[in-house]
Every structure is written in C-alpha cells, then in structure tokens.
There are 2 protein chains.
Amino acid sequence: MVSLDDVAKLAQVSPATVSRALSRPEMVAEATRKRILQAAQELGYQPNQLARSLRQRSSQTLGLIITDILNPFHATLAKGVQDAAEKHNYTVFLFNTDEDPEKERRALNVLRGHQPRGLLIVPSPQAKENLKLVTKLPIVELDRTSGTPGIRTVMVDNVGGARKAVQHLIDLGHRRIGMIVGRLDISTAVERLQGYREALQAAGIPYDETLVLLGNHREADGREAAKALLSLPSDKRPTALFVGNNEMTVGAVLALREMGIRIPQELSVVGFDDSRWAATIEPALTVVAQPTYELGFLACETLLSSLSRGQDTLPTSIRLDTSFILRESTAPPGGRKNGLKKRRRN
Amino acid sequence: MVSLDDVAKLAQVSPATVSRALSRPEMVAEATRKRILQAAQELGYQPNQLARSLRQRSSQTLGLIITDILNPFHATLAKGVQDAAEKHNYTVFLFNTDEDPEKERRALNVLRGHQPRGLLIVPSPQAKENLKLVTKLPIVELDRTSGTPGIRTVMVDNVGGARKAVQHLIDLGHRRIGMIVGRLDISTAVERLQGYREALQAAGIPYDETLVLLGNHREADGREAAKALLSLPSDKRPTALFVGNNEMTVGAVLALREMGIRIPQELSVVGFDDSRWAATIEPALTVVAQPTYELGFLACETLLSSLSRGQDTLPTSIRLDTSFILRESTAPPGGRKNGLKKRRRN
DNA sequence: TACTTTTTTGCAATCGTTTGCAATTGTTGT
DNA sequence: ACAACAATTGCAAACGATTGCAAAAAAGTA
C-alpha cells in the first residue's frame, strides 16, 4: 500500500505537510499543495483509515444492526441508513441478528472492536441488557425501542396506524375483529395492540381476548394464528382480521387461501406495513403503510447530527406518520355487499 | 475505552503479556493467563481492531458490494455472505451501487481506505475499469463476471437455466417465444440469452430478433418490454415469454395484468429467479430458481479459503446449478387446452 | 537594513496493538 | 551447588496517520 511517506518523498516534503495538504488545505502554501495533490494522484494514494481513526480516536464508521435483512422492511431501512451515511462520508458495518439476543450480543462486541462512531439498531427483545455493552456509544434505535432510558428513537406512530386500520374495519360494520400480534416484548407489537384496543373501545366494542393471537413475527406464525382463528365456531369467528406485521400477514393470507376462505367476501384483512407483495397479490391488500426508507434515513441523520452537535441536544424520540392504503381486501361483513365493485385496482 | 494497558496494570503484567495471553495463550503461563483473562473480563476489555489491524497490516474485514439491496435476490446474497463471514470471524462492509459505475468507484475507494482483507462484488457494467483500483486485493465476483482475467467467480449456470426454461415452453408446443433480456454488458444477460438461443436452435426454431427486447433489469423495463411485445400484430406476437430476471418479471406480469392478458391461457410466462412473490402471485409463476443464499455463502467461503491457503490455488470459476420449478404460468399455446385444470395450486 | 509579524514547514510524540529480541525466572542433570 | 536449557516475561520498535510545538521562511514595517 502506498502511504503518506511515499507521497511525501515524491513531493519532497515531510509527511506532516502531506497530511495537512489533504485534510487542512488552507494550512499549506498553494504551490506545495498542488505538488502534493499531484503526487498523491500519481501514486493513487488512499489514506489508511485504520491509522487515521486510531490517531484521531474516532472513526468514520457506523454500526447498523437489524434483525432480518431478508425482510424487505429491514432491507429498506438499511438502504435508508446507508444512503444517509454515505452522504456524510460514513461507512457502515451491517449486522443481522435474526431476532436472536445472543447474536445481537456478539454483533455488539465485534462492533465495539471496530470503534464505530455511533450505532443504529433495531433492538432485539433483550437489547436492554445487551446495550449495556456499549454505553459511551451514541445510539439511535429504529422501528422499535428497547426501553433503555436516554436513547434516541425513530419510530412510526404504531398506535395511530393500528387505530386507523381497525377503525376502518369498524366503519365497514365489523364487530368481531381478530388481531394477530407480535411478541409483546417488542414495542411495536405492544403499541399496535394498543391501537387495536383503542379503536375498539372508541366504538364501544368489548375487547375479546380469544380474538387476539400472538405470533413470533414470522410467516409461519401468521399462518398458524390465522388457522387457529378461523377454526373457531362460526359465531365466535372473526369477520375481519388485522395483522400486526408484514411477514405474518403473508402467512395469514396464504393460510386463508389454503383454507379456501375468500378475501374479502368471507373475511376482511388489513396488514401493517406495505410491500410489493401486498400491493400486487390477489386481492390487493389494504394496509397501514410505513415510511420505511425515511425511517432509516432519518434515524441516520439524527445520529449523525447528534454526533456533530455534541451532547447538548436532548435525546429525542421521533415519530413518523403512517398512511392508510385502501385496496381490495376489506368489505362489509357477511359478504352481504361485495366491496369490490365500487373500487378500482391500484 | 479500556485498553491493553489498563488490563496489564490490573493484572500486574506488561501489555505484551496481555496481548499474548489473548492471542497466543500457549505462550503464557497458566497462572498469569488466568489472572489476565480475569482482569480483561472484569474491565470488559475488547481489543481495538483498528490498532490491531494497523500493526498486523491485515484486518478481519471484507468488503461486499452489491447492486441493489432492495432486490430480494441481492439481499439473500448478502445474507449468505454475512453468515459465512461471521462463521470465520470476519466483519463485512456493505455497499450498494444501484448499478451505477460511479457509485461503484466511490465504494471501492472508500473500501480501500478501510484495508479490507478481500472483496466480494456483484460487478457493475464498468467494473472491469473500476476494479483496477483494487489490484492487490483478493476478489471474488458473485452472480456475474466483469470479465477481468484472473478473478475468481461464483455464478449459476445461466445458459443451462435459460435453456431449461425455453425448452419447457417448446415442449408445450410454443414456437413464437419472446424474451425480455437484461443489458448485454452484464454477463448474466448474455448467458441467459445464449441459453434461449440454444434451446430454439436445438428445436429447429429460427431466431427472431423482433421477439427479443432489452431492458435495464428494473421492474419498469420489464413492464415496457412486455407492453411492446404484446402490441405486435397478432401473427407476430409471442405466445410465450421468458423473462431474464426477477424484477423485470414483476414488471412484465403486472403489465400483462393491466392489459387484461390472461396467463397462461393467452400467454405463458417463465421467469428467472424465484421469490415469494413469484410463488404466491396469481397465477403462481413457473421459474428457473437459483441457489441464491448458497451463492453468497459459497462465494465468501471461496474468498476466505483463498486468503488462508495463500495464492497457490488457481483462480477458479464455480458454477451452481439452477432448478426448474413448474407452477401455473405456462400452458400449451392458443389456449386450446387449458393447462390449469391438470394442475394443483402449490 | 534590521526588526517584527505572519505564513509555511518539519520534528517528534502519540493512538493501541503486536512481535523480535533479550532478560529473567524456573527446571533439570550432574 | 552450578551449568545448561527451556519457559516465561518485558522492552522497545514498529504499523500509518495526526497534531502541538518550534524552527524556518516569507512578508511587512519603520
């Protein structure tokens, strides 16, 4: 590798001057600077960030920990973060936890070794414990919160989003509305459940716990929960279903298909989080959409600005709005009226 | 941050001994080692990889450059790479190029600064030029090849995969088979086109260039190409369509939907690369599936083993097999027989 | 011209590790 | 008890950059 010294020799100056020519141009005379830049160019010099960061005791890297890169939601988050980081000349280390606290712990330790400037994380259920490994480090939590006090968070308005979804079903005339919700040790699940309850309460519909099933965020969980709900005796069975995340929505819809239950004639479905799949499946799903890319981008911007502004700014918690997208998977209950005819595709 | 010196002081030994206790345990006496480990544990010591890499002139990091993390194919690739890297205690820097050679160049330069041990890359169209920036670095190309001599590649058998797809359409009785192919400066597109031609030739069907449209790998391109092909006069119009990548397949299918063309009754469709979308859309798509995760995993293993084995091993080019998955989007031409009745969903 | 001020440069220490070498300690054989 | 040897430890020099400080050069002033 070509180093500062090489450039210095070629330009006939000391390494110190080369360093300054590159990072503090105004400190070196026009002529020398030109000569140095020329030499650097010629040798294809690229500063060694390891040495640089070591000396400066601060790197130009960030850590990003998400739970599942195969989930388009998380991939989009990652892209938002990356783009923002790149804009500010930061490089990101990406880790996947697969929702496994142990993998998260390992990732945090590895990350620690690389001395990142800050950390963006979608916290696993035990993140509160794990994050003790990296006090000192400026952190922003995305999508969910671990509940650790003093940590910045960037999330969507889950309560409001869920409420809108359920409200819509209620407006259509549904009274037995099922929900498939994620693990309650994850904040998004709790909040979406709360939105569900609030909407019911506002409409004076009593909360029926037999209609609320827990899942572990995966497709398979959604599938099983849907099967269980639809196996209830017909007077107990929900006429509409609100599913708390994208993967479980997939599972639920596929299960319904397998069971031969028609959406929305026999069961209305609303999902949380939009995706191409949701938009183009038959029938196209009515969903609560999240500004996913913005979530990632903004989280990264928040982190970076807190880095430059110093500690003075208070740990803020940002909430982005969700938007309700009406498609074809909802209709009044009982199939008495078919909601399809009134609506257009897309 | 707690450093070697801190641990050394607490354990009452020199920093050198601490270093050895951690990385070459057999060199230090049982008792001291225990004392040191204890101290390290107590302080929550994590070695500074920056300093370590600087001194050793070699890091435990890899670069991974993909073209689009939002494409599930690439996300899966990334996951495979990550998992393999993690297994060997490597950390990966992830970059996105969005197929833009300029972004690729920037990514390579940034990467260079971080002194990665090796590079995995899905090369952009101008990668051959860009990769000159990182001679010295052990490289493995994934999915495609830039054509740079002496570089290891891990790809699928695109020619064979495409041939199987087209062969299937021919077997069903199709003779006017259209293809939507990617940019021909990307190796996968060239190979898939070749497979298409080989299959036609084997069946004695003349190659008709009006049936082959180029696209830029994106959904929008697939959409436009499909529209163009289906706007041909009915005697020129294809009765079947082979689409060269996943995103363009989406575009094509959605375009057909919008045009009210029924699959497979009016047009058979085969895509390249499987996905949940392809498997669950209506009708479920017949596709050539790739071992995507394995591709990423294997590419990373290849790179790492070439790192440890030294330069002795020849630059190998690995080809993985594709598999043909028959679903519901193909049927004999002309809709004379409806292929659907014979088949079951899933 | 001689002195002051400003600009430009170089010296050398430093960041936190690793590692060649030498010094110290412990072990063994006689 | 003492040499010979092995096992364990520490010293100090790297790795490639940055930066406080002081020296040198250039510019300004009287």
Side-chain angles (χ1 to χ4, degrees), chain A residues 1-37 39-40 43-61 89 91 109-117 136, chain B residues 1-37 39-40 43-61 89 91 109-117 136:
Chain A
M1 261 296 88
V2 24
S3 74
L4 257 194
D5 286 313
D6 302 325
V7 180
K9 286 208 186 72
L10 181 56
Q12 319 229 50
V13 289
S14 77
T17 308
V18 176
S19 171
R20 283 188 278 252
L22 266 51
S23 45
R24 233 147 336 152
E26 74 284 359
M27 285 187 71
V28 12
E30 173 76 12
T32 10
R33 192 188 346 148
K34 266 203 182 139
R35 194 149 35 89
I36 291 172
L37 259 37
L43 297 177
Y45 170 71
Q46 187 75 20
N48 183 330
Q49 297 296 335
L50 298 175
R52 178 176 226 272
S53 305
L54 180 60
R55 171 60 224 247
Q56 296 195 140
R57 327 199 61 185
S58 135
S59 70
Q60 286 283 99
T61 60
N89 276 100
T91 307
N109 268 329
V110 172
L111 203 50
R112 217 148 63 94
H114 290 281
Q115 317 283 126
R117 196 73 184 288
K136 314 284 153 176
Chain B
M1 260 297 88
V2 25
S3 75
L4 257 194
D5 285 312
D6 301 325
V7 180
K9 282 205 188 79
L10 182 56
Q12 320 229 46
V13 290
S14 77
T17 307
V18 176
S19 170
R20 282 188 279 251
L22 267 52
S23 46
R24 235 154 323 162
E26 73 285 358
M27 284 188 72
V28 12
E30 173 77 10
T32 10
R33 194 191 340 150
K34 267 202 183 140
R35 193 150 35 91
I36 291 172
L37 259 37
L43 298 177
Y45 171 70
Q46 187 74 21
N48 183 330
Q49 297 295 336
L50 269 44
R52 179 176 226 271
S53 305
L54 180 60
R55 171 60 222 243
Q56 295 194 141
R57 325 199 64 184
S58 133
S59 70
Q60 286 282 101
T61 60
N89 277 98
T91 307
N109 268 330
V110 172
L111 204 49
R112 216 149 63 94
H114 291 281
Q115 317 283 126
R117 195 75 184 286
K136 314 282 153 173

Given dT17(C), dG10(C), dC21(C), identify the nucleotide with an atom nearest to the side chain of T17(A).
dG10(C)

Short of 4.0 Å, heavy atom to strand atom, which residues of residues 50-61 of chain B count as contacting DNA chain C?
A51(B), R52(B), R55(B), Q56(B)

Check this one for me: any side-chain N or O of Y45(B) less than 4.0 Å away from OP1 or OP2 of dT17(C)?
yes

Tell me: CG of N48(B) to C1' of dC15(D), nearest whole Å?
13 Å

When the distance from CD of Q49(A) to C1' of dT18(D) is rounded to whole Å, what number comes out?
13 Å

Between dC11(D), dT18(C), dT19(D), which nucleotide has the shortest distance from any of its atoms to the side chain of S23(B)?
dT18(C)

Is a donor on one side and an acceptor on the other found under 3.5 Å between the side chain of R35(B) and the backbone of A11(B)?
yes

Between R24(B) and dT19(C), is there a side-chain N or O to OP1/OP2 distance below 4.0 Å?
yes

Test your reading of the model: is there a side-chain donor-acceptor pair from Q46(B) to the backbone of N109(A), 3.5 Å cut-off?
yes

Where the side chain of A16(A) is concerned, which of dT9(C), dA12(C), dT9(D) is the nearest nucleotide?
dA12(C)

On the nucleotide dA17(D), are OP1 or OP2 found under 4.0 Å from the side-chain N or O atoms that S3(A) carries?
yes

Please determine whether a side-chain nitrogen or oxygen atom of S19(B) lies at a distance below 4.0 Å from atom OP1 or OP2 of dT17(C).
no

Mind listing the residues from residues 26-36 of chain A sitting with a heavy atom below 4.0 Å of DNA chain C? Number order is fine.
M27(A), V28(A), A29(A), T32(A)

Give a yes or no on whether the backbone of S59(A) and the side-chain of Q115(A) come within a donor-acceptor separation of less than 3.5 Å.
no

Take atom CG of L22(B) and atom P of dG16(C), then tell me their distance rounded to the nearest Å.
16 Å

Any S14(B) side-chain nitrogen or oxygen under 4.0 Å from OP1 or OP2 of dT9(D):
no

Determine to 10° how strongly the helix from dT1(C)-dA30(D) to dT30(C)-dA1(D) is bent, judged from the axes of its five-pair ends.
40°

